[in-house]
Amino acid sequence: MQFVNPIRDVKTIQAMKEELRKHSVRDLLLFVLGINTGISLLDLLNLTVQDVWDGHNAKQFLYIKDEKTGEDKAYYLNSKVGEILSEYLSNVDWKSEDYLFKSKKDSGPITRQQAYRIINHSAREVGISEKIGTHTLRKTFGYHAYYRGVAISILKSILHHHSTAETLKYLGIDRAEKRPLKVDVNL
């Protein structure tokens, strides 16, 4: 597996969203859900409609069973995810057990390789020259969460890392780099 980078620039993230939307709302949802939750690709691909949708609206939390502990981990589905989910799920008559990222070839989910092609192709189209892959989604989530004030200990837990140093390295964050943290308690 090659090392990939987070998408650090918010304007580039917006450009990626616009590029993905041109192809399909499914592909846009894959990207938006990944960069807003930090869920692993395997977990993303195995999501079903009932995991994220109550029949009328996006759920507030997505629960995924942690393979190591057997406990359900909660992932917050923010308004950006909710908007795209609503758009995506309103276009087709979905069954609750359908895979969210359904393949166009059969009833199964898209493959890891297809997810990679979707992300990588769109990154190239918007001019990203760095190495980009499916881990870029998790790294982008973690990178931006860190710089918005989420504690590294929380990110370490979400990303299933053993140490703070591992998480900082994974996210491409240099401790010597002094950037202000944005803690937005927008009450």
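Side chains included, hydrogens not; waters and symmetry mates left out as well; all remaining heavy atoms used.
Expressed to the nearest 0.5 Å, how far CG of Leu137 lies from CE of Met16 amounts to 7.5 Å. Considering OG of Ser86 and NE2 of His56, their distance stands at 12.0 Å, rounded to 0.5 Å. Between the OG1 atom of Thr134 and the CD atom of Gln113 there is a distance of 9.5 Å, given to the nearest 0.5 Å. Here Glu18 contributes atom CD and Glu125 contributes atom CD; the two are 13.5 Å apart, rounded to the nearest 0.5 Å. Taking CZ of Phe31 as the reference point, atom CG of Asn36 lies at 9.0 Å (rounded to 0.5 Å). Note that the CG atom of Leu33 and the CD1 atom of Ile84 stand 10.5 Å from one another [nearest 0.5 Å].
Side-chain contact between Asp27 and Ile119 is absent, with no heavy-atom pair separated by less than 4.5 Å. A 4.5 Å side-chain heavy-atom check between Phe3 and Lys131 finds every atom pair outside the cut-off.
Between the side chain of Asp51 and the main chain of Thr48, a donor-acceptor pair closer than 3.5 Å is present. The backbone N or O of Ile128 lies less than 3.5 Å from a partner atom in the side chain of Arg124, making a donor-acceptor pair. Listed for the Asp43 side chain is no donor-acceptor partner under 3.5 Å among the backbone atoms of Ser40. Looking only at distances, a side-chain donor or acceptor of His144 sits under 3.5 Å from a matching main-chain atom of Ile7. Judged by distance alone, the side chain of Arg112 and the main-chain N or O of Leu41 form no donor-acceptor pair under 3.5 Å. The closest donor-acceptor contact from the side chain of Thr136 to the backbone of Ile132 lies at 3.5 Å or more, if one exists at all. Between the side chain of Lys139 and the backbone N or O of Val4, at least one donor-acceptor pair lies under 3.5 Å. In this structure, Asn46 contributes its side chain and Leu42 its backbone to a donor-acceptor pair below 3.5 Å.
We find that Lys22 and Glu19 are joined by a salt bridge, their nearest charged nitrogen and carboxylate oxygen being less than 4.0 Å apart.
Of all heavy-atom pairs between Ile110 and Leu30, the closest is CD1-CD2, 4.2 Å. Of all heavy-atom pairs between Tyr143 and Ile173, the closest is CD1-CG1, 4.0 Å. Ala74 and Tyr63 get closest at one heavy-atom pair: CB-CE2, 3.4 Å. Ser122 and His23 make their closest contact through OG-CD2, 4.4 Å (heavy atoms, listed as atom of the first residue, atom of the second, distance). Of all the heavy atoms in Ala115 and Leu45, the pair that sits closest is CB-CD2, 4.5 Å. Between Thr37 and Tyr75, the shortest heavy-atom distance links the atoms O-CD2, 3.7 Å.
Both Leu168 and Leu171 belong to a common hydrophobic cluster when Ile, Leu, Val, Met, Phe, Trp and Tyr are linked at side-chain heavy-atom distances under 4.5 angstrom. Taking hydrophobic clusters as Ile, Leu, Val, Met, Phe, Trp and Tyr residues chained together by side-chain heavy-atom distances below 4.5 Å, Val49 does not share a cluster with Tyr99. Following chains of ILVMFWY side-chain contacts shorter than 4.5 Å, one can reach Tyr170 starting from Tyr147, so the two form part of one hydrophobic cluster. In this structure, Val126 is a member of the same hydrophobic cluster as Ile13, with clusters built from ILVMFWY side-chain heavy atoms closer than 4.5 Å.
Stacking of Arg26 on the aromatic ring of Tyr88 is not recorded, the 6.0 Å distance cut-off and the 45° axial limit not both being met.
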Side chain to side chain donor-acceptor pair (under 3.5 Å) for Lys17 and Gln14? Distances and angles first, verdict last.
CA-CA 5 Å; Lys17 288 179 183 181; Gln14 290 308 114; 3.3 Å; yes

Evaluate the side-chain contact (heavy atoms from CB on, under 4.5 Å) criterion for residues Leu100 and Trp94: first the C-alpha distance (whole Å), next the side-chain angles of each, then the deciding distance (0.1 Å), finally the verdict.
CA-CA 9 Å; Leu100 193 58; Trp94 293 90; 5.8 Å; no

Run the numbers on Asn57 and Leu85 for side-chain contact (heavy atoms from CB on, under 4.5 Å), then give the verdict.
CA-CA 8 Å; Asn57 298 299; Leu85 268 171; over 6 Å; no

Does Asp54 form a salt bridge (charged side-chain N to carboxylate O under 4.0 Å, His left out) with Lys59? I'd like the steps, not just the answer.
CA-CA 6 Å; Asp54 68 9; Lys59 292 182 178 179; over 6 Å; no

side-chain contact (heavy atoms from CB on, under 4.5 Å) between Phe61 and Leu77, worked out
CA-CA 6 Å; Phe61 287 94; Leu77 301 179; over 6 Å; no

Please determine whether side-chain contact (heavy atoms from CB on, under 4.5 Å) holds for the pair Tyr76 and Leu62, giving the CA-CA distance in whole Å, both sets of side-chain angles, and the decisive distance to 0.1 Å.
CA-CA 6 Å; Tyr76 177 64; Leu62 160 66; over 6 Å; no

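Among residue pairs with one or both ends in residues 155-166, those qualifying as side-chain hydrogen bond (donor to acceptor under 3.5 Å, both in side chains) are His161-Thr167; sequence neighbours excluded.
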